[in-house]
Amino acid sequence: MTPTELLPAPPHAAARRALLAGSAGNLVEWYEFGVYGCFATVIAANFFTPHAGAPGGGSGALVATYASFALAFFFRPVGALLFGRIGDRFGRRPALVLVIGLMTLATTLIGLLPTRADIGAAAPWLLTFLRVLQGLSAGGEFGGAVSLMAEYAPPGRRGLYGAWQSFTVALGLLAGAGTAAALAVVLPAEALYGWGWRVPFLLALPLGTVALWLRTALEEPPGAPPAGPPGATESSEAVGRSGPTALGEQARAVVLGIARIMGWSAAGYTFLVVLPSHLQSALGASFRDALLATTLVNLGFAASILPAGLLSDRVGRRPVMLGGALGIAVLAHPLMQLLQSPGASPQTRAAAVVTAGALVGLLAGPGPAMLAEMFPRRVRCTGLGLSYALANAVFSGCAGLFITALTARTADAAVPAHYAAGACALSAAALLTLRGNDHREPLR
């Protein structure tokens, strides 16, 4: 540890402003992804069936909807590289302003998009293009926001500050599920499929405008180098660690980061986003019941994130994240069996989905700080953003496509449990490589 690594603690007011500005974009992003997941069957009927607008659409249309969903995720690594380099070279603020502007624009345009009944086969292609733009912006969001929060965090509070990123993810998903559930209650099915689905996407415009305003007033974290390419102002360690060796170490860190959070990515999307359409298509649940289950699982998720981040500041990232990964690996199948059991009471099923969400929260709370601690400042936006984007592209973006297609092929309603438990078991092995005192060391 060199003296240049010890940065002065930022003023509390500036830290709170950074926390708010960093969190706001995450809320908007995940609100939209929550809405898309909740309305997957509606979007399938409007954009991926020849006769759009009718409830249902069949498993083929739902698979096509999730294929579009997955494609957006595979553009996240591109966004992580693009906006991560902007954040590392020119500052966290310009990168965060750009990504929230792009996300808000793309989400609002989805709400205005003509359906297949209006313009024919061009509709799903336009929807997919807008999803790609969202994928690019989402790829840059995580690296910039987490870097900002971790660098502003007071000593001993990186886990808690990083957990706010995940907490606003939960708030966004809850807002998306709650909005969808409210529309499903107040609107008849014909109106919901006809125009009601547009309302949640259009609400992203005022939300995104507020987030954009917060970020334009943002200050760079304490100790940030001047805007522009890295130069003589960087520490000797940062300057010396350039070239093939450093590049190889950074690539290994990205791969290890992916392995450590693959369970978080897979289980998070399985339980928090894919669950509504799976309950409808595989278990025969109604749209309203599926949305209620999604709201409950997200409540469990939200309730455990901040305590998990705070606990990881005290006992370390490893025991908290291992508890979440092993808990899902062991309990995913029993929880899914409870949801499928005709004799299970509503209270028991509610407890099952809340438990599933809480276990994911044990991974999501310490996860951002854990990734931030893996990379030096000069490549932090890019490195942690790329780890997160690649893990989400493979294990989250493909979750809906994989689960829906495999369930249709095998008629096995427990496919989501297989997927989440397997990914978490592998992730637990990677989490064992965490050192017990990483959370106490200053950021490089």
Side-chain angles (χ1 to χ4, degrees), residues 20-39 43 68-87 92-113 126-149 164-177 179-180 197-218 269 272-273 368 381-382 384-386 388-389 392-393 396-397:
L20 180 60
S23 301
N26 293 301
L27 190 150
V28 175
E29 173 195 340
W30 290 91
Y31 162 82
E32 188 282 333
F33 276 102
V35 166
Y36 194 91
C38 290
F39 281 106
I43 291 170
S68 173
F69 193 77
L71 181 64
F73 269 89
F74 278 96
F75 276 86
R76 281 189 170 206
V78 179
L81 283 173
L82 173 62
F83 294 109
R85 292 308 298 153
I86 293 173
R92 311 313 190 207
R93 184 173 70 93
L96 289 171
V97 167
L98 287 172
V99 296
I100 192 60
L102 183 59
M103 173 62 76
T104 301
L105 175 64
T107 303
T108 303
L109 288 176
I110 288 178
L112 299 172
L113 200 62
L126 289 173
L127 175 65
T128 300
F129 172 71
L130 293 176
R131 294 291 299 170
V132 167
L133 294 183
Q134 288 179 322
L136 289 172
S137 64
E141 171 68 33
F142 184 86
V146 172
S147 295
L148 183 81
M149 294 174 185
W164 274 95
Q165 189 279 337
S166 296
F167 184 63
T168 50
V169 168
L171 292 182
L173 290 172
L174 276 171
T179 303
W197 64 271
R198 298 181 183 276
V199 174
F201 292 97
L202 295 175
L203 287 176
L205 181 59
L207 291 173
T209 301
V210 172
L212 185 63
W213 173 70
L214 289 170
R215 288 185 171 185
T216 54
L218 191 62
Y269 261 75
L272 305 179
V273 177
C381 277
T382 306
L384 72 87
L386 194 57
Y388 184 78
N392 276 269
S396 294

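Note: hydrogens, waters and symmetry copies are ignored here, and every other heavy atom, side chains too, is used.
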* Asked: To the nearest 0.5 Å, what is the distance between CG (Leu20) and CH2 (Trp164)?
  -> 9.0 Å
* Would a 4.5 Å heavy-atom cut-off, applied to side chains only, mark Gln134 and Leu130 as touching? -> no
* **Pair listing, salt bridge (charged side-chain N to carboxylate O under 4.0 Å, His left out) test, anchored in residues 137-146, at least two apart** => Glu141-Arg215
* **Spacing of CZ belonging to Arg76 relative to CG belonging to Leu136, to within rounding of 0.5 Å** => 10.5 Å
* Asked: If you take all heavy atoms of Ala106 and Leu133, which pair is closest and at what distance?
  -> CB-CB, 4.0 Å
* Asked: Would you find a donor on one side and an acceptor on the other, under 3.5 Å apart, between the side chain of Thr168 and the backbone of Gln165?
  -> yes
* **Pairwise distance CD1(Ile86) to CG(Leu98) - rounded to 0.5 angstrom** => 5.5 Å
* Structure fact -> Heavy-atom closest pair (Tyr31 atom, Phe201 atom, distance to 0.1 Å) is OH-N, 4.4 Å
* Structure fact -> Closest non-hydrogen contact found for Ala80 with Ala389 is CB-CB, 3.9 Å
* Are any side-chain N or O atoms of Arg92 and backbone N or O atoms of Gly87, one a donor and one an acceptor, separated by less than 3.5 Å? -> yes
* To do: Check Ala211 against Val28 and note the closest heavy-atom contact, atom names and distance.
  => CB-CG2, 4.4 Å
* Roughly how far apart are Leu82 CG and Phe75 CZ, rounded to 0.5 Å? -> 12.5 Å
* Flag the pair Arg85 / Cys381 as yes when at least one side-chain heavy-atom distance between them is below 4.5 Å, and no otherwise. => no
* To do: Kindly indicate whether the side chain of Trp197, heavy atoms from C-beta on, has any atom under 4.5 Å from the side chain of Val35.
  => no
* Is any side-chain heavy atom of Leu212 closer than 4.5 Å to a side-chain heavy atom of Thr104? -> no
* Asked: Taking side chain as C-beta onward, heavy atoms only, is Leu384 less than 4.5 Å from Ser147?
  -> yes
* **Residue pair Arg131 / Ile110, side-chain heavy-atom distance below 4.5 Å** => yes
